[in-house]
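One structure is given below, encoded as structure tokens.
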Amino acid sequence: MQRARVSQISAYENEAVEIRGWLYNMRSSGKLHFLQIRDGTGIIQAVVFENDVPAKVYAACGELSQESSLIVRGTVRREPRSPQGYEMGVTDIEVVQHAADYPITPKEHGVGFLMAHRHLWLRSSRPHAILRIRSEVVKACRDFMDEQGFTLIDAPIFTPAACEGTSTLFEVDYFGDKAYLTQSGQLYSEAAALAFGKVYCFGPTFRAEKSKTRRHLTEFWMIEPEMAYCDLAEDMTVAEALVAYVIKRVLDNRSAELEVLQRDTGLLQKATPPFPRISYTEAIELLHERGSDIQWGADLGGDDETILSAEFDRPVLVHRYPRQVKAFYMKTDPSDERLALCVDMLAPEGYGEIIGGGQREDDLHVLEERLTEHALPREPFEWYLDLRRYGSVPHAGFGMGIERVVAWLCGLHHVRETIPFPRTLSRLYP
RNA sequence: UCCGGCGUAGCUCAGCUGGCAGAGCGGGUGGCUGUUAACCACCAUGUCGUAGGUUCGAGUCCUACCGCCGGAGCCA
């Protein structure tokens, strides 16, 4: 008997097939059992009628429990009464393993309970939909980079020093030396950009900050493109194109999953280029008009970002922040010494910063001054300074946080649902 | 680190002004030939986060601690 996947079930109408999966839910009515079977690609209803199967098979159905693994055989038929439009008329069932007392019932649970059972929760429809969208986002990012001529050059996870200071890093013992889990692959991407022209790295990133908000994880994934002979304007154009590409791919390929999440896709469909671009200084003026008392020179807080993004129906690029609130490697704006040639992209609907980047300081002596200003040790950055000694060029790049993008596309309240096994201040299990 | 909220059945929660520990769901048993988070009847569920204190009496009031959730700062 041929093995069918639930997602392809319409191709097997009126054929006898076998489905290997798990019992998602079950209802019974007299001499009928309705089994909701999931196989990872979807859910299909299998109907067991007492008169159609051997007594032993019908009796076995009565013993079934949620998430028992089983192989069902039967005939696929179109059936409007079935929740999925198709169902299987069962002729035989083989129980692979009987699962007793599955903890996650089809009723409501709190986030704490579900996260403690994350290894099982992945089987439920909501996480299933979110993680398939995440998978699509990741693939879209890689496809975009490939199509645009970028080379994947991944950065190390163990690093000898911080990109932006050591306070937020996880320290590990590295054969007696101190090492840190990476906070960004950017410095390494810069080295790679001067070798390959256009590169990106895509990997996990670690922050030891004790942030307890819906936008933070201690371990998250970031894609970081870096381009040689590139200025801030071109950097922003690439960032905009990447985000637009990802949105379109998710809308095109994951509409069923967005439907499961009841995401209003109208807002996503409107998010097409060009995205609005405003300077930090314009943003401050706008915030003042909206009643904020933020001072010029201060970094934008979460509330400020929410106010700003509410002004637009698509992501907004905020560029040229004050230099003092940005990292040491940001290039100074030649037309205004107070500013850095940097950019943040803020997602709509209060999802905050999804991209941060800018043009890098390419002058050796200025960069040395910046290291001193930021009180950073010189020695761990010698290799980085070499990049300015040997064929330095204007270059730029950015980092995009995958979880925040997925949270926005899915319309989620918290980023922890966008990663299979979230790591937060209070969660290292499972 | 700071501020706020919450810890009661397997889960989600109610429990008033201190007076016998509750509901729904889930589980078990039985019923139903089209269920849609099925429905109907019956059954069993407990270290009220922990440790002290006040009181004749504490789930309830007080103190400390622990855990979780959210926010701030910082960031993607």
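First the proteins, then the strands, lettered A, B, ... as listed; each starts at 1. Source: prediction; values computed, not measured.
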Tyr200(A) and Phe202(A) aromatic ring geometry - parallel, tilted or perpendicular at 30°/60° bounds: tilted
On the nucleotide [N], are OP1 or OP2 found under 4.0 Å from the side-chain N or O atoms that [X] carries?
{"X": "Arg214(A)", "N": "A72(B)", "answer": "no"}
{"X": "His414(A)", "N": "G70(B)", "answer": "yes"}
{"X": "Lys210(A)", "N": "U1(B)", "answer": "yes"}

Mind checking what makes side-chain contact (heavy atoms from CB on, under 4.5 Å) contact with Pro422(A), not counting sequence neighbours?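 Checked Pro422(A) against side-chain contact (heavy atoms from CB on, under 4.5 Å); matches are Met115(A), Arg118(A), Leu217(A), Arg416(A), Ile419(A).
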Describe the nucleic acid contact of [X] in one word from base, sugar-phosphate, nothing, applying a heavy-atom distance below 4.0 Å.
{"X": "Arg77(A)", "answer": "base"}
{"X": "Gly110(A)", "answer": "sugar-phosphate"}
{"X": "Phe113(A)", "answer": "sugar-phosphate"}
{"X": "Arg416(A)", "answer": "sugar-phosphate"}
{"X": "Pro103(A)", "answer": "nothing"}

Under 3.5 Å donor-acceptor pair, [X] side-chain atoms to [N] base atoms:
{"X": "Gln66(A)", "N": "G27(B)", "value": "no"}
{"X": "Gln45(A)", "N": "U35(B)", "value": "yes"}
{"X": "Arg404(A)", "N": "C75(B)", "value": "yes"}
{"X": "His216(A)", "N": "C75(B)", "value": "yes"}
{"X": "Ser211(A)", "N": "G73(B)", "value": "yes"}
{"X": "Ser426(A)", "N": "C68(B)", "value": "no"}

For Phe34(A) and G34(B), are the ring centres under 5.5 Å apart with planes inclined under 30°?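 The ring of Phe34(A) is not stacked on G34(B).
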In terms of heavy-atom contacts, does CD of Glu171(A) have more than 12 from other residues, nucleotides or ligands at under 6.0 Å?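 Yes, CD of Glu171(A) has more than 12 neighbouring heavy atoms, counting only those of other groups under 6.0 Å.
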Donor-acceptor side-chain pairing of Tyr329(A) and Glu190(A) below 3.5 angstrom: no
Polar contact flag, side-chain donor to acceptor under 3.5 angstrom, Thr105(A)-Gln66(A):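 No, no side-chain donor-acceptor contact under 3.5 Å.
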Rounded to whole Å, how long is the line connecting atom CG of Asp344(A) with atom C1' of A76(B)?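 The answer, rounded to whole Å, is 9 Å.
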Atom CD of Glu50(A) and atom P of C32(B): how far apart are they, to the nearest Å? 10 Å
